[in-house]
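All chains are named by letter (A, B, ...) in the order of the sequence lines, taking the proteins before the strands, and each is independently numbered beginning at 1. Predicted, not measured: the structure shown is a model, and the values here were computed from it.
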Amino acid sequence: MAIHFYNTLTRARELFEPLEPGKIRMYTCGPTVYNFPHIGNFRAFLFEDLLRRHLKYRGYTVTQVMNLTDIDDKIIRMCRETGESLQSLTGRYKAAFFEDLDTLGGERAEHYPAATDHIPEIVTLIKTLRQKGHTYDADGSVYFRLNTFPGYGKLSHFDIDQLKTGASGRVADDEYATEDARDFALWKAYVEDDGEIFWETELGKGRPGWHIECSSMSMKYLGESFDIHCGGIDNMFPHHENEIAQSEAATGRPFVKYWLHSAHLFVDGRKMAKSLGNFYTLRDLLEKGHDPVAIRWVLIATHYRQPNNFTFDALEAATQSVRRIKDFRLRLKAITGTGSGLDQEIAACEKTFGDSLDDDLNISGALAAVFDFVRDVNRLVDRNEVGIDGARGATALLDRLHAVTGVFPSGETDQAPQAILDLVLERQRARREKNFSRADEIRDILAQDGWVVEDTPDGPRVKRN
RNA sequence: GGCGGCAUGGCCAAACGGUAAGGCAUAGGUUUGCAAAACCUUGAUUCUCGGUUCGAUUCCGAGUGCCGCCUCCA
């Protein structure tokens, strides 16, 4: 089955055909590095991670760019309030972002350009826009003149004349210099409150607007036209709309072929908000002792265009699911005899898995295929019908699917230390001598150290609790 | 005021006109020294009301509820 994606631009499910055969260039809106990312941020980043992994699984060469926004109003305000330098502040949160990304098993993108490292490129792009008559200056700032770009609104499907200015109650005072309130800043003139944060450029003393960084950096690393652009649904307007305007006005070419937007994460059915007390960073969940793989599971297990309702019950269910897969892999590992090679089961699982993800990243179908496989194989193992070839094949399959989803780890790292293994041996001796009270006592001791011992026909199995 | 999304068994969640996947939890069973794991069995007519259709969770309309965007929030 060919890959299909739902394209926000057309509001339709479309056959996916990259601009260049075999190669995919994608841009994914990254974090603003002024805080620890919350799990809602990671819902979007992990959707993008799943996307890139699946495309690679399908044999494409993927070039992904994720920007790091390290200059904006909030960052400046924080620097002003704390006295910390911009570089120091954003450096800390960049590091935190990568640390959290690693914890969640996110693959690294090919490029992580930061806005402040691309001031020259930004200035060049603004100059091009100015040269083509798409800008005007006001009070030292440079604005994009919206009515010079006829296609404005084609992504968000907003009728530009019906936008209710200031409906969000967030229009800043310094926006009033625009001729039309809907025009947006490309370059913002320096103001007193900016302190030490400014760049002296041909455009004057100031700093870049928000949207322009994504246009200039995406085009620098991916070219004037590229395949996929992702982001949270909230970025569709105005951010992505403005990116299209800037980019296409500058180049005269189509900017992006497929726009993919992820829906929000809710917590207990409500929008995540600090005021509601349901706001979580990854670190909050880790402190509560939750498994990063289970967290990843919960964040990707809902289709990316559906609102994902995060609950601790769901996280617990995901934890159990991860455990089930790990147990299954341990069980495969213990198989030594001859028997079925599982060729049919493996092929069926992988086909359904791949077909599901090809269908606009239907993760639920993909996970269901794996669970069906686990159940089918477990049944065969119960009947002693699976041989070592089958076990190896099944393990290899899970390795392949883990490379795509990141939620089927082997649990190999849970290797018990010698002291624990000694206790297990002692317990075996006790059991052989029918000294079950001693055996149960040892099991309790192991449990206290966080290890579970299970008796199987092939001997005891130790695993992390 | 404009635009848009969502509503499926206790919880999470698929299905894009053909008669409701999967996971977790629950209950019963097989197995086990006891457990654990595994396996088997167990449960929904899909928010409400209309309409289109031989047939609707799926399409259309109205309503109810929750949510998002409308200039810098993934």
Next on the checklist: According to side chain to side chain donor-acceptor pair (under 3.5 Å), who are the partners of Gln64(A), at least two apart in sequence or on a separate chain?
Outcome noted: Thr28(A), Arg52(A)
Item to check | Heavy-atom protein contacts under 4.0 Å, nucleotides 23-31 of chain B, coded B base, S sugar-phosphate only, - none | outcome: SSS------
Next on the checklist: Restricting to ring pair (Phe, Tyr, Trp, His ring centres under 6.0 Å), what partner residues turn up for His402(A), sequence neighbours left out?
Outcome noted: none
Checklist entry - Is it true that the side chains of Asp72(A) and Tyr34(A) contain a donor and an acceptor less than 3.5 Å apart? => result no
Checklist outcome for this item: When both distances are under 3.5 Å in a Watson-Crick or G-U wobble arrangement, the nucleotide paired with G18(B) is C54(B)
Checklist entry - Between A37(B), A14(B), C73(B), which nucleotide gets closest to the side-chain atoms of Asn362(A)? => result A14(B)
Item to check | Phosphate-side-chain proximity, Arg379(A) and C40(B), N/O vs OP1/OP2 below 4.0 Å | outcome: yes
Checklist outcome for this item: With sequence neighbours left out, the residues meeting ring pair (Phe, Tyr, Trp, His ring centres under 6.0 Å) with His134(A) are Phe144(A)
Checklist entry - Near RNA chain B, under 4.0 Å by heavy atom, which residues of residues 36-45 of chain A? => result His38(A), Gly40(A), Asn41(A), Ala44(A)
Next on the checklist: Can you tell whether the side chains of Arg296(A) and Asp291(A) come within less than 4.0 Å, N to carboxylate O?
Outcome noted: no
Checklist entry - Within 45 degrees of the axis of the six-membered ring of Tyr190(A) and under 6.0 Å from its centre: does Arg207(A) put its NZ or CZ there? => result no
Checklist entry - Gln320(A): what forms a side chain to side chain donor-acceptor pair (under 3.5 Å) with it, not counting sequence neighbours? => result Glu316(A)
